[in-house]
Amino acid sequence: MIKTACGLDCPDACGIECDIDSFPKIKADKAHPISNGALCSLLNREIFKEPRITTPRVNGKEVSLEEALDATAKALKEKSKVLWRGSGNFGVMQEVTNLLFEKIKGTTTKGSLCDGSGDAGILAGRGVNRILPPEQIAKADVIVIWGKNITVTASHLMPYIEGKKIVVIDPIKTAIAKRADIFLQIAPRSDFYLAIMLARFAIMGDHEDKEYLEEFAPEYEEFYDFTRGFRIKSILEYIGVDLHIMGELLEFILNKKVVFLIGNGVQKYSTGNFVLHAIDSLVATLGYFGKEGCGVAFLGNSKLGFNNPFEVKGKKVEKATTNFGDFDTVLIQGGNPTESMPNSSRVIEELKKSKNIIYFGLYENRTSSMADIVIPAKNFFEKDDVRLSYAHHIVSPMRKIIESDFGISEYEFTSYLFQKLGLDELKSEREYIEFWLNQCTKKGEYYISPAYQKIPYKNGFGEGESDEFEFIDDFEDYFETNKRLTKARKKSKKEIISDEYWLVTPKVNNSLNTQFKRDNKITIHENLGFNNGEKIIAYSKWGEHEFIVKNSSSMRKDTVLIYANAEGVNYLTPSIISDEGNNACYQEVKLKLKKL
Ligand SMILES: Nc1nc2c(c(=O)[nH]1)N[C@H]1C(S)=C(S)[C@@H](COP(=O)(O)OP(=O)(O)OC[C@H]3O[C@@H](n4cnc5c(=O)[nH]c(N)nc54)[C@H](O)[C@@H]3O)O[C@H]1N2
Ligand SMILES: Nc1nc2c(c(=O)[nH]1)N[C@H]1C(S)=C(S)[C@@H](COP(=O)(O)OP(=O)(O)OC[C@H]3O[C@@H](n4cnc5c(=O)[nH]c(N)nc54)[C@H](O)[C@@H]3O)O[C@H]1N2
Ligand code: SF4
Ligand SMILES: [Mo]
């Protein structure tokens, strides 16, 4: 029996037990503090059903691995080259290819398709983005699940919230919303205002934690002034809630142990950083940082506290809006940018301009179909690695379970190209893996991240825990009608245009981003006049695509849902970057729908 961990980009980072003789039958590692006895359907089923790329290709012709790698070496000698890495595998050894790009003076990327704006908002307030340990979630009385589809995207957190009072804030009536004590089905992209209003009402009612604030966040009066710069009535209308429910919600979370589980949903906007900063400012006002059973759990920084041997300097371009056409050679590793990046038609046009597209991955997809060179990768059962998590502090060795007779690991790939291009020797794979693990503490058979703190922010904020919390004091938003919501700006009567719909694009059960099962559905409010199963065109100023209608009573009338794995969804999304954090803004768009 060998223990390893799931490498998919998922916060749970479950432990796995494998018996080499019965592989691919695998089991959850029952002793692992997070996997609590069960894996999800992706590991139980989907991953083993998915056809792999087994043979390398150059210009459409099947070749040997050596020929494909030699063609890669030649392409990497071009003047300009970029490495665009996705998050198909969350192991730390994915990043070893950075060392290659450093040596050949290539470009890498900065920013994120995922959580960059939220992270920036957290850094603005707390100075450092620490993970709230799940055991603190377990000690809370009330859990506020805010823009996080926990039953789908972090199912192993479910036991931690069992039996607690639940508040859900989401434009969609999700499975967890159906079980919530309070559910606010707010308008998409209104979370900033909700957080600001809650903080304002809390201070108005004298509910701020003065003792805490004096010590850890003394600028709270300025923050109160900031919250008063927004118009209550028009904001509540915009969010789609009334005063009564705001009062009820506040009552529900006062003087208790409260954990806020914040998901990606709130920050897929240009203003995503402001949203997390506003939520954190609300939480600080209530004195809910640094206390047992309290705090905010967003997607944490899994590499916090580690020395990363793969961190390189050099030129970097925005990951979410990379202009592939600026480069002679594009190496795409562990990602599917023609489908996962926003504004697909732009991405495809840009890629067409590049001379050499190299795709290094496991599965065929639209990106592999465009590639000049295709290199099959090994999956995480076929190579050694180390798995960190963005939701807890367990660090798991990922162990090679089977010897695969095709494909190449990222370490072997880098090592081959180092040799071929006459670069210095790499350290051995084992040395890198040990370097990561040796930075951890050991607890029984598991490793714990060096960033682990039982109660984060207990002694204060910032890296050295000696800083104060910085409240939000600034907000800029140029999208849509939001301008009318600040007092300083002219009031306009313009209402939200009724035949334009907010797009929400959450994750779904049987896929992991664009890996595994895909669909082409659009879920809409049942009274919009479309029939179940009907084909429609959804379009935005960025592009259009055809989808199949699914009517649902879980939707708001002003919102449509297309899952993040849906084929074509990113033809509709904008290639813009968040105000801070260099993040993609998938939901900063309104759609129109037309019958076919
Ligand atoms: N509309 C919309 N789009 C979104 C999102 C959204 O919410 N809405 N979410 C965004 C988010 S949060 C994320 S994280 C991104 C993810 O987007 P990407 O990072 O592009 O990830 P995937 O689409 O899952 O593609 C991963 C690919 O990695 C390859 N792969 C898997 N394992 C390995 C390995 O071990 N080695 C190598 N070399 N390759 C491997 C597989 O072939 C797979 O096709 O998508 C973003 N796209
Ligand atoms: N099964 C499965 N699990 C996954 C993934 C997957 O593809 N499949 N992907 C993994 C990855 S890469 C990531 S980043 C995480 C992300 O996991 P989550 O953080 O849960 O993110 P999402 O699923 O994108 O969206 C979460 C919720 O936000 C809501 N939402 C959308 N817009 C808004 C808004 O404006 N305000 C509010 N309050 N809510 C809003 C959506 O309706 C949805 O319920 O999941 C990971 N886990
Ligand atoms: S995808 Fe997530 S929930 Fe499923 S086995 Fe992997 S880590 Fe666990
Ligand atoms: Mo993500």
Side-chain angles (χ1 to χ4, degrees), residues 4-16 26-29 32 34-36 38-47 86-90 112-116 118 144-158 167-177 183-195 239-240 261-269 271-272 275 279 297-299 335 340 380 387 389-392 394 396 502-518 523 554-556 559 561 563-565 583-584 586-588:
T4 186
C6 174
L8 297 182
D9 178 1
C10 163
D12 298 1
C14 297
I16 304 174
I26 56 170
K27 285 194 301 208
D29 172 4
H32 189 278
I34 301 295
S35 7
N36 49 55
L39 301 170
C40 73
S41 61
L42 298 175
L43 262 274
N44 284 332
R45 219 179 30 242
E46 305 303 334
I47 197 166
S87 54
N89 178 334
F90 211 75
S112 162
L113 301 183
C114 182
D115 59 350
V144 179
I145 301 172
W146 197 333
K148 186 174 184 83
N149 194 7
I150 177 170
T151 58
V152 171
T153 60
S155 57
H156 291 86
L157 279 185
M158 289 303 290
V167 176
V168 171
I169 303 169
D170 202 299
I172 314 291
K173 193 165 189 183
T174 55
I176 194 71
F183 171 41
L184 264 61
Q185 190 162 16
I186 63 170
R189 209 179 182 281
S190 65
D191 304 86
F192 167 83
Y193 298 107
L194 178 62
I239 302 173
L261 296 180
I262 315 291
N264 259 13
V266 302
Q267 53 98 65
K268 297 181 193 182
Y269 305 104
T271 47
V275 177
I279 293 175
F298 177 62
L299 289 78
S340 65
F380 63 82
R387 177 61 156 97
S389 160
Y390 46 93
H392 58 74
I394 312 292
S396 312
W502 290 110
L503 167 66
V504 302
T505 72
K507 315 291 181 184
V508 67
N509 263 331
N510 293 322
S511 80
L512 204 290
N513 298 318
T514 71
Q515 302 188 72
F516 317 125
K517 281 228 176 97
R518 314 285 302 275
T523 309
S554 301
M555 301 295 301
R556 288 172 56 97
T559 304
L561 179 156
Y563 287 117
N565 74 331
N583 206 38
Y586 293 100
Q587 296 184 177
E588 186 115 325

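Order of listing sets the numbers, starting from 1, for every ligand and every atom in it. Since we're looking at a predicted model, the values are computed, not measured.
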Identified side-chain contact (heavy atoms from CB on, under 4.5 Å) counterpart of [X] within the set [options]:
X: Ile176; options: Ile150, Asp170, Val152, Leu261; answer: Ile150
X: Ile145; options: Ile169, Leu157, Val168; answer: Val168
X: Asp12; options: Cys40, Ser155, Cys6; answer: Ser155

Which residue supplies the protein heavy atom nearest to [atom], what is that atom called, and how far is it?
atom: atom 13 (C) of ligand 2; value: Lys507 CE, 3.8 Å
atom: atom 4 (C) of ligand 2; value: Leu512 CD2, 3.7 Å
atom: atom 5 (S) of ligand 3; value: Leu43 CG, 3.6 Å
atom: atom 43 (C) of ligand 2; value: Asp170 OD2, 3.4 Å
atom: atom 32 (N) of ligand 2; value: Gln587 NE2, 2.9 Å
atom: atom 10 (C) of ligand 2; value: Asp9 O, 3.1 Å
atom: atom 24 (O) of ligand 2; value: Lys268 NZ, 2.6 Å
atom: atom 26 (C) of ligand 2; value: Gly147 O, 3.2 Å
atom: atom 33 (C) of ligand 2; value: Gly265 O, 3.2 Å

- For atom 6 (Fe) of ligand 3, decide whether Cys14 has an N, O or S atom at a distance under 2.8 Å.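 Checking atom 6 (Fe) of ligand 3 against Cys14, no N, O or S atom falls under 2.8 Å.
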- Message: For the backbone of Glu46 and the side chain of Asn510, can you confirm whether one donor and one acceptor N or O come within less than 3.5 Å of each other?
- Response: no
Can you list the atoms of ligand 2 that are under 4.0 Å from a heavy atom of [X]?
X: Ile172; value: 42 (O)
X: Trp146; value: 38 (N)
X: Pro188; value: 35 (O)
X: Val266; value: 37 (C), 38 (N)
X: Tyr269; value: 32 (N), 33 (C), 34 (C), 35 (O)
X: Gly263; value: 19 (O)
X: Ile169; value: 38 (N)

Hey, is [X] touching ligand 2 through its side chain, its backbone, both or neither, going by heavy atoms under 4.0 Å?
X: Asp191; result: side chain
X: Asn264; result: both
X: Arg189; result: backbone
X: Thr174; result: side chain
X: Asn509; result: backbone
X: Val508; result: backbone
X: Cys114; result: side chain

If you compare all heavy atoms of [X] against all heavy atoms of [Y], which two are closest, and at what distance to 0.1 Å?
X: Tyr586; Y: Leu113; answer: CE1-O, 3.2 Å
X: Phe516; Y: Ile47; answer: CE2-CA, 3.7 Å
X: Gln587; Y: Leu503; answer: CG-O, 3.3 Å
X: Ala175; Y: Thr151; answer: CB-OG1, 3.9 Å

- Contact check: Cys10 to atom 2 (Fe) of ligand 3, N/O/S below 2.8 Å: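 Short answer: yes, at least one N, O or S atom is under the cut-off.
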Using distance alone, with no hydrogens and no angle criterion, decide if [X] and [Y] have a side-chain donor and acceptor under 3.5 Å apart.
X: Tyr269; Y: Glu588; value: no
X: Asn513; Y: Lys507; value: yes
X: Tyr390; Y: Asp9; value: yes

Taking atom [atom1] of [X] and atom [atom2] of [Y], what is their separation to the nearest 0.5 Å?
X: Gln267; Y: Ile279; atom1: CD; atom2: CD1; value: 10.0 Å
X: Cys14; Y: Ile34; atom1: SG; atom2: CD1; value: 8.5 Å
X: Leu299; Y: Lys148; atom1: CG; atom2: NZ; value: 5.5 Å
X: Leu43; Y: Phe380; atom1: CG; atom2: CZ; value: 5.0 Å

- Message: I want to confirm something. Looking only at heavy atoms, which of Thr153, Ile186, Ile239 is nearest to atom 47 (N) of ligand 2?
- Response: Thr153
- Note on the structure: Of Ile176, Asn513, Leu503, the one whose closest heavy atom lies nearest atom 12 (S) of ligand 2 is Asn513
Side-chain touch [X]/[Y], heavy atoms, less than 4.5 angstrom:
X: Lys27; Y: Ile16; answer: no
X: Phe192; Y: Thr271; answer: no
X: His156; Y: Cys10; answer: no
X: Val504; Y: Leu561; answer: yes

- Query: Is there any N or O on Ser190 that sits under 3.5 Å from an N or O of ligand 2?
  - Reply: no
- Within-cut-off N or O pair, Thr505 and ligand 2, under 3.5 Å: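 No, Thr505 has no N/O under 3.5 Å of an N/O on ligand 2.
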Which ligand 3 atoms, with their elements, are less than 4.0 angstrom from a heavy-atom of [X]?
X: Cys6; value: 1 (S), 5 (S), 6 (Fe), 7 (S)
X: His156; value: 3 (S), 8 (Fe)
X: Cys40; value: 1 (S), 3 (S), 4 (Fe), 5 (S)
X: Ala13; value: 7 (S)

- Item | Within reach of ligand 3, part of Ser35 (heavy-atom separation under 4.0 Å) | neither
